[in-house]
Amino acid sequence: MAVSFVESSKLPTPWGVFDIHGFEDSDNGKEHVVLTLGDVGDGEPVLARVHSECLTGDGLFSMRCDCGSQLRAALEKIAEEGRGALFYLRQEGRGIGLMNKIRAYKLQDAGADTVEANEQLGFGADMRDYSLLEMMCEHLHITKVRLMTNNPRKVKAFTDQGVEVVERLPLQTGQNPHNAKYLATKSGKLGHLF
Ligand SMILES: Nc1nc2c(ncn2[C@@H]2O[C@H](COP(=O)(O)OP(=O)(O)OP(=O)(O)O)[C@@H](O)[C@H]2O)c(=O)[nH]1
Ligand SMILES: [Zn+2]
C-alpha cells in the first residue's frame with residue numbers, strides 16, 4: 001500500500017478548528033484523511049483514534065452499529081485535550097465496501113451475525129489493512145499514541161508500523177437495542193474488548 005500526502009487545510013467542526021490532511025493511495029485510488037488538533041509532531045504521545053469509514057453510521061445516523069457515536073466521542077475527547085489525531089480510513093464495511101455491507105445487512109436481517117454474513121459472501125470476517133498508518137504517522141511526525149479503541153488489532157497495527165501504543169483507552173458509546181447483537185458478536189467472535 002503506497003499512500004502519499006496531498007494537501008492540508010483547516011476544518012472547523014462543532015468541537016474546534018481541526019487541520020485536515022489528505023492522503024491518496026496510488027494502488028487503488030482511495031482517499032483517506034487525518035484530522036489533527038494542536039501540535040501532534042512534538043514527540044509526546046498523541047491521543048489518537050483510527051476510525052473505519054461507515055457511511056451508514058457516520059453520515060446517515062444508522063443505529064445498526066456504534067460508529068457515528070464513536071466518531072463524535074473521539075472528536076470530543078481530542079477537543080477536550082486540545083491535541084490529538086483522528087485517522088479516518090476509507091475501509092467501509094471492514095474493508096468489503098458499501099454494497100457488500102448492504103448485502104451483509106440483508107443476510108443479518110435473515111438471522112446471520114456480522115461474521116457469518118461476511119463469510120456467506122465469501123469474505124473474511126475483517127478485511128482491513130492498516131499498513132497505510134506508517135506513512136501517515138511518518139508525515140505527521142507521530143511516534144507514540146494513546147489509542148482510543150476496543151479492537152486489539154488496531155493496537156497491533158500501530159505497533160507493527162513502529163508506532164508505540166503507550167495506552168489503550170476504551171471507547172464504549174452508542175449502545176442501543178438495534179446494535180446489541182452486533183456488539184455481542186464483536187466481543188464474542190472478533191476479540192473486541194468490552
Ligand atoms: N462487513 C460488515 N462491516 C460492518 C458491519 N457493521 C459495521 N461495519 C463496518 O465496521 C467498521 C467499524 O468496525 P467495528 O468492528 O465496528 O469497530 P472497530 O473499528 O474494529 O473497533 P473500535 O476501534 O473499537 O471501534 C466500519 O468500516 C463499518 O462500516 C457489518 O455488519 N458488516
Ligand atoms: Zn458503522
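Nothing here was measured: the structure is a model prediction, and the numbers come from that model. Every number for a ligand or one of its atoms is a count from 1 in the order of the listing.
At a 3.5 angstrom cut-off on N or O pairs, Thr114 does not count as close to ligand 1. Between Gly93 and ligand 1, at least one pair of N/O atoms sits closer than 3.5 Å.
Within the 4.5 Å cutoff, no side-chain heavy atoms of Tyr130 are placed close to those of Asp160. Contact check for Lys154 versus Arg168: no side-chain heavy atoms found under the 4.5 Å cut-off. Trp15 places a side-chain heavy atom less than 4.5 Å from the side chain of Arg72. Within the 4.5 Å cutoff, the side chain of Ser69 has heavy atoms near those of the Thr173 side chain. Side-chain contact between Leu71 and Leu86 is present, with heavy atoms from C-beta onward closer than 4.5 Å. Side chains of Met136 and His32 form a contact here, defined as non-hydrogen atoms less than 4.5 Å apart. Between Leu132 and Lys30 the shortest side-chain heavy-atom distance does not fall below 4.5 Å.
Summary of contacts: the protein heavy atom closest to atom 8 (N) of ligand 1 is Lys101 CD, 4.0 Å. Taking atom 32 (N) of ligand 1 as the reference point, the nearest protein heavy-atom neighbour is Gln108 NE2, 4.0 Å. Closest to atom 14 (P) of ligand 1 among all protein heavy atoms lies Lys186 NZ, 3.3 Å. Among all protein heavy atoms, the one lying closest to atom 13 (O) of ligand 1 is Arg128 NH1, 3.3 Å. In this structure, the protein non-hydrogen atom closest to atom 21 (O) of ligand 1 is His192 NE2, 3.3 Å. Among all protein heavy atoms, the one lying closest to atom 19 (O) of ligand 1 is Lys154 NZ, 2.6 Å. Among protein heavy atoms, atom 16 (O) of ligand 1 sits closest to Tyr182 OH, 2.3 Å. At the top of the distance list for atom 27 (O) of ligand 1, counting protein heavy atoms only, stands Glu53 O, 2.7 Å.
Look at Ile96 and you'll find a heavy atom under 4.0 Å from some atom of ligand 1. For Phe123, the heavy-atom gap to ligand 1 stays at 4.0 angstrom or more.
The backbone N or O of Asp39 sits less than 3.5 Å from a side-chain atom of Arg83, completing a donor-acceptor pair.
At a 4.0 Å heavy-atom cut-off, ligand 1 does not touch His51 at all. The proximity of Arg153 to ligand 1, defined as any non-hydrogen pair under 4.0 Å, does not occur for either the backbone or the side chain. Only the side chain of Asn118 comes within contact range of ligand 1, with a heavy atom under 4.0 Å; no backbone atom does. Within the 4.0 Å heavy-atom criterion, neither part of Arg64 lies near ligand 1.
Below 30°, between 30° and 60°, or above 60°: for Phe5 and His21 the angle between ring planes is between 30° and 60°, a tilted geometry. Using bins of under 30°, 30° to 60° and over 60° for the plane-to-plane angle, the ring pair Tyr88/His51 lands in the parallel bin.
Between the SG atom of Cys54 and the SG atom of Cys67, the angle taken at the Zn ion (ligand 2) works out to 120° after rounding to 10°.
The atoms of ligand 1 that sit less than 4.0 Å from any heavy atom of Gln91 are 27 (O). Every atom of ligand 1 with a heavy atom of Tyr105 under 4.0 Å away is listed here by number and element: 6 (N), 30 (C), 31 (O). The ligand atoms of ligand 1 that sit less than 4.0 angstrom from a heavy atom of Arg49 are 22 (P), 23 (O), 25 (O).
For the pair Arg90 and Asp25, the salt-bridge criterion is not met [side-chain N within less than 4.0 Å of a carboxylate O].
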*Verdict with supporting geometry, Asn151 and Thr149, side chain to side chain donor-acceptor pair (under 3.5 Å)*: CA-CA 5 Å; Asn151 184 348; Thr149 185; 5.3 Å; no

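Of the residues Asp109, Thr114, Asn176, Asn179, the one that meets the side-chain hydrogen bond (donor to acceptor under 3.5 Å, both in side chains) test with Arg64 is Asp109.
Ranked by closest heavy atom to atom 15 (O) of ligand 1, the top entry among Arg168, Arg94, Lys181 is Arg94.
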